[in-house]
Amino acid sequence: QYLEQEQQQGYVDQAAHTVFFKQPVSAMVAQQIESKVEKFLVASLARTLQRSCSIEVRYDASGPCLEMRFPTPINSKKWMDEFYAIQIEIDAQLCQIDTFNGLHWRPPNGR
């Protein structure tokens with residue numbers, strides 16, 4: 001019943017997502033990653049879900065990983081493509097991604 005409700009509303013409320021990186025990053029790069037993701041989520045989720053959202057984004061150096069909680073628009077391929085594009089940017093410009101939500105992450109160039 002809960003899954004049915006989520007499919008009807010078009011998002012999973014406060015889904016958790018974790019990105020593990022291949023190596024630790026400096027505090028400055030961690031802040032850049034957090035900021036880039038948070039800015040994207042605030043703008044894109046407000047536009048896609050047409051409401052303000054509770055968003056948590058935190059870099060954990062012990063992972064090293066980025067932990068996120070936010071409503072995930074499961075019915076929006078456009079949003080998913082935009083979220084993937086942010087991951088590609090982070091991987092190419094800030095720090096290589098190892099896994100996303102437990103799955104091996106591969107950028108478009110197949111590195």
Can you tell me if E56 uses its side chain to pair, donor with acceptor, with the backbone of R69 under 3.5 Å?
no
Tell me whether F20 shares a hydrophobic cluster with V57, the cluster being built from Ile, Leu, Val, Met, Phe, Trp, Tyr side chains joined at under 4.5 Å.
no
T72 side chain near M80 side chain, heavy-atom distance below 4.5 Å:
yes
Taking C-beta and beyond as the side chain, do V19 and M68 meet within less than 4.5 Å on heavy atoms?
yes
If you take the centroid of each ring, where Trp contributes its six-membered ring, are F40 and F70 closer together than 6.0 Å?
no
Using side-chain contact (heavy atoms from CB on, under 4.5 Å), reason through Q96 and I90 one step at a time and then give a plain yes or no.
CA-CA 7 Å; Q96 288 185 345; I90 289 169; over 6 Å; no
To the nearest 0.5 Å, atom CD of Q87 lies from atom NE2 of H17 at 9.5 Å
Without swapping roles, check the side chain of D60 against the backbone of C65 for a donor-acceptor pair under 3.5 Å.
no
Contact between R51 and P71 at the side-chain level, heavy atoms closer than 4.5 Å - yes or no?
yes
L66: which of T18, I97, V37 passes side chain to side chain contact (heavy atoms under 4.5 Å, CB included):
V37
Salt bridge between E89 and K36, side-chain N to carboxylate O under 4.0 Å?
yes
Among V42, L41, L45, whose side chain to side chain contact (heavy atoms under 4.5 Å, CB included) with C53 holds?
L45
I want to check something: taking the side chain as every heavy atom from C-beta on, are Y84 and W105 in contact at a cut-off of under 4.5 Å?
yes
Test item: Y59 side-chain N/O and P64 main-chain N/O as donor-acceptor pair under 3.5 Å:
no
Measure the CD1-CD1 distance between I33 and I86 for me, rounded to the nearest 0.5 Å.
12.0 Å
How far apart are the C-alpha atoms of C95 and Q23, what are their side-chain angles, what is the distance that settles it, and do they pass the side-chain contact (heavy atoms from CB on, under 4.5 Å) test?
CA-CA 8 Å; C95 186; Q23 66 274 340; 3.4 Å; yes
Taking the basic N atoms (NZ, or NE/NH1/NH2) and the acidic carboxylate oxygens, is any pair closer than 4.0 Å for R47 and E82?
yes
Would you say the side-chain atoms of T48 pair up with the backbone N or O of S44, donor to acceptor, closer than 3.5 Å?
yes
